There are 2 protein chains.
Amino acid sequence: MNIGEIARRAGVSRSTVSYALSGKRPVTEETKRRIQAVIDELDYRPNAAARALKEGRTRTLGLVIPPAGARLTDMQLGFVASVVEAAARADLDVLLSPSGGDHDRSFERIVSGRRVDGAILMEIRLEDERVARLQQTGLPFVTIGHTSNPHGTCWVDVDYGTLIARCVHHLADLGHRWIALINRSAELVAAGYGPAHRALAGFTEAAVQRDLRGITLTCGDDPIAGETCIEQLRQDHPEITAVVTLNEAALPGIQRGLERAGVRIPQDFSIAGVAARHWAEDFRPQLTAADVPTLEMGASAVDLLLERIAAPGAPARHLLLTPPISLRASTGPAPTR
Amino acid sequence: MNIGEIARRAGVSRSTVSYALSGKRPVTEETKRRIQAVIDELDYRPNAAARALKEGRTRTLGLVIPPAGARLTDMQLGFVASVVEAAARADLDVLLSPSGGDHDRSFERIVSGRRVDGAILMEIRLEDERVARLQQTGLPFVTIGHTSNPHGTCWVDVDYGTLIARCVHHLADLGHRWIALINRSAELVAAGYGPAHRALAGFTEAAVQRDLRGITLTCGDDPIAGETCIEQLRQDHPEITAVVTLNEAALPGIQRGLERAGVRIPQDFSIAGVAARHWAEDFRPQLTAADVPTLEMGASAVDLLLERIAAPGAPARHLLLTPPISLRASTGPAPTR
DNA sequence: TTGTACGCGTTATCAG
DNA sequence: CTGATAACGCGTACAA
């Protein structure tokens, strides 16, 4: 079923069918109806490749996700879902590319095969070769997360440094003097993963400001690692009375570890952090935390990208979100010994 | 950068460049080298739309996922990741379509806009209009899950009925006489979600065979629902000594509920089920369960789809997996009263 | 409202 | 056997 066939059956020319569909030139109601009838009957839809070839755009967005080897975290999944949904609202499709570094065939197809009108990158590192590659090709793109030198790029991110610092201040206000940061995994830190580094910086600075004893440690992104991590922490540093974390996947293990040890939250021990809302609400008692607005971030990334595609020359915009910390039940006054 | 530009700079014709790249006709080594040099210099890659238009195939697979409104479960995420990875191995891209029913614009673009060479559908219901729609368009497709009348369609699924029945038999062998099935959510059951219905059937049949008192209940797909569910169950049916479940997302809540009530697993209470491996291993004590092989299933779905695209007329194949039940630590002899 | 050139890669056909 | 020419796939939009 191509446009010529529709034209033939409706007794008009191909261009008339095209104009009737796009509305870019007026077409008689009567003709329009006849054409529509044929289209409905044959269930015609324009060939996407032909249209893309002619228009020079694909109506498709690329979404670069971490390779499947590493299980996607809940938060990454939230971004994927919200990006796909926001794109669908704009009648755009989303092409997935699972790629870590560059030199990846799938990534190269996306960036230089003109398969997409623009791309969204996730899991940005402080130094990220994919960003450099994208800049060099000139394909419009937006990153979720930002590099150490984000000038001139479009991005949306959560201000982990500020948020973690706020958690520290909140705990300091409650009288806690010995606080630990449970960071993301050691591998991510080693790879230069932005949120982990910025959280560490925010924690350290706040601890210094409040003259706290702060200790920092990394922890795998899963409940089992969380459980061993909190056990180890309480053994090595029994003086610690509060924890700050951005490692949501470890939360169930942290909770289990504390519960097993008979530690009451928040009477004996406080915990606060940054996490998607459902992680905070699944925690017992519910976690005082800044809720990462994945839905909003994905939608904003798509908005920013569409702007950039429409006006590639316009100055790069970005969005640094600092969601409020929701006071729930996991933080309380420091225990008096 | 188009093929004509490359040809011009290399001092040959467009067709020679094409043949040099595809190898479908011999080209002198010398010419080939010159062409390759220009391509490398300009970082040329053929325009995907033009190629798709000419070849009549897009080198793209469609993956229809549940709409983002309902948070994707871990298992669904596993399918997405494994499908994307398997497709990347075959140098295919994956186009995502978040659609529930049909009449969905994104779904329609996929199935009738010739944007993909084939599609993979997830979250199949016993009666699924999307499957009917796909059959009517003739686009090759494979489903993860199967309808109540899967004849003539390609699919890959886990045999929930048999697996849940095996769990029941295992528990019956251990002397349990009062067993409950914690099913997926009531909404999914009402929507005719296959795994929920087949699990129910398998449970009921096994319970009858072993002359057990079986009670069945639905439970939301999250820890909080799991916790209230298990509390309710123990209150309404204190005689229950074992639970079978396929609701992996509820597991953390089930565990927490039992732990809070001071119920020891497996001394006082046994639990078994079907779940992705990490859910089973995160459970305390580790869960006796059939591990759903999402990685293998996603890869198989892609294989099946590629076969089907290559030979659309061939008889439809399917794969019904019955992974072994891994005996871990959550099941033991029924307590003697 | 219609005829037609165009976008770009592929491949059948023809010439050397 | 190598290289070039031209037609084709299909929707769009300008000129008529």
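Naming: A, B, ... by sequence-line order, numbering from 1 per chain. It should be emphasised that the depicted structure is a prediction, and the values quoted were computed from it without experimental measurement.
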For residues [X] and [Y], report the shortest heavy-atom separation together with the two atoms involved.
| X | Y | result |
| --- | --- | --- |
| I110(B) | L139(B) | O-CD2, 4.2 Å |
| S148(B) | E127(B) | OG-OE2, 2.7 Å |
| R14(B) | A7(B) | N-CB, 3.6 Å |
| L126(B) | T147(B) | O-CB, 3.2 Å |

Checklist entry - NA contact type, V17(A), heavy-atom cut-off 4.0 Å: base, sugar-phosphate, or nothing? => result nothing
Checklist entry - Looking for any heavy atom pair under 4.0 Å, which part of the strands does V27(A) touch: base, sugar-phosphate only, or nothing? => result sugar-phosphate
Item to check | Residues which pass salt bridge (Lys or Arg N to Asp or Glu O under 4.0 Å) with E30(A), listed by chain and number, not counting sequence neighbours | outcome: R33(A), R34(A)
Checklist outcome for this item: N2(B) CG to dT10(C) C1', in whole Å, measures 14 Å
Next on the checklist: What is the separation between atom CZ on R114(A) and atom P on dC8(C), rounded to the nearest whole Å?
Outcome noted: 7 Å
Item to check | Derivation and outcome, salt bridge (charged side-chain N to carboxylate O under 4.0 Å, His left out), residues E108(B) and R105(B) | outcome: CA-CA 5 Å; E108(B) 285 302 323; R105(B) 289 207 305 279; over 6 Å; no
Item to check | Contact under 4.0 Å: T16(A) side-chain N or O vs dT2(C) OP1/OP2 | outcome: yes
Next on the checklist: Please tell me if K54(B) has a side-chain N or O lying less than 4.0 Å from either OP1 or OP2 of dT11(C).
Outcome noted: no
Checklist entry - When you measure from every atom of DNA chain D, which of residues 31-51 of chain B have a heavy atom less than 4.0 Å away? => result T31(B), A50(B)
Ignoring hydrogens and angles, tell me if any N or O in the side chain of [X] forms a donor-acceptor pair with the backbone of [Y] under 3.5 Å.
| X | Y | result |
| --- | --- | --- |
| D117(B) | R59(B) | yes |
| T28(B) | T31(B) | no |
| R45(B) | M1(B) | no |

Item to check | Angle between terminal axes - the helix from dT1(C)-dA16(D) to dG16(C)-dC1(D), 5 pairs each end, rounded to 10° | outcome: 60°
Next on the checklist: With side chain to side chain contact (heavy atoms under 4.5 Å, CB included) as the criterion, how do D74(A) and T294(A) come out once you've worked through the C-alpha distance, each side chain's angles and the decisive distance to 0.1 Å?
Outcome noted: CA-CA 10 Å; D74(A) 233 70; T294(A) 52; over 6 Å; no
Checklist entry - Taking it one step at a time, do L188(B) and D221(B) satisfy side chain to side chain contact (heavy atoms under 4.5 Å, CB included)? => result CA-CA 10 Å; L188(B) 282 173; D221(B) 288 352; 3.8 Å; yes
Next on the checklist: Under 3.5 Å, is there any donor-acceptor pair linking the side chain of R14(B) to the base of dG9(C)?
Outcome noted: yes
Checklist entry - Does any N or O donor sit under 3.5 Å from an N or O acceptor when you compare the side chain of S13(A) with the base of dG3(C)? => result no
Checklist entry - Quick one: which of dT4(C), dT10(C), dC8(C) gets closest to the side chain of S18(B)? => result dT10(C)
Side-chain donor-acceptor distances from residues 296-303 of chain A under 3.5 Å, at least two apart:
unit_1: S300(A); atom_1: OG; unit_2: E296(A); atom_2: O; d: 2.8

Next on the checklist: My understanding is that only one of T153(B), L134(B), I144(B) makes a side-chain contact (heavy atoms from CB on, under 4.5 Å) with L121(B); could you say which?
Outcome noted: L134(B)
Checklist outcome for this item: Walking DNA chain C from its 5' end, the first of L53(B) and T28(A) to be reached, judged by nearest nucleotide, is T28(A)
Taking only N/O atoms, report every protein-nucleotides 13-16 of chain C pair under 3.5 Å with atom names and distance.
unit_1: dT13(C); atom_1: O4; unit_2: R25(B); atom_2: NH1; d: 2.6

Checklist entry - How would you give the extent of chain B contacts on DNA chain D, as first and last nucleotide 5' to 3' within a 4.0 Å heavy-atom cut-off? => result dT2(D) to dG11(D)
Checklist entry - Charged N to carboxylate O under 4.0 angstrom, D104(A) versus R130(A)? => result no
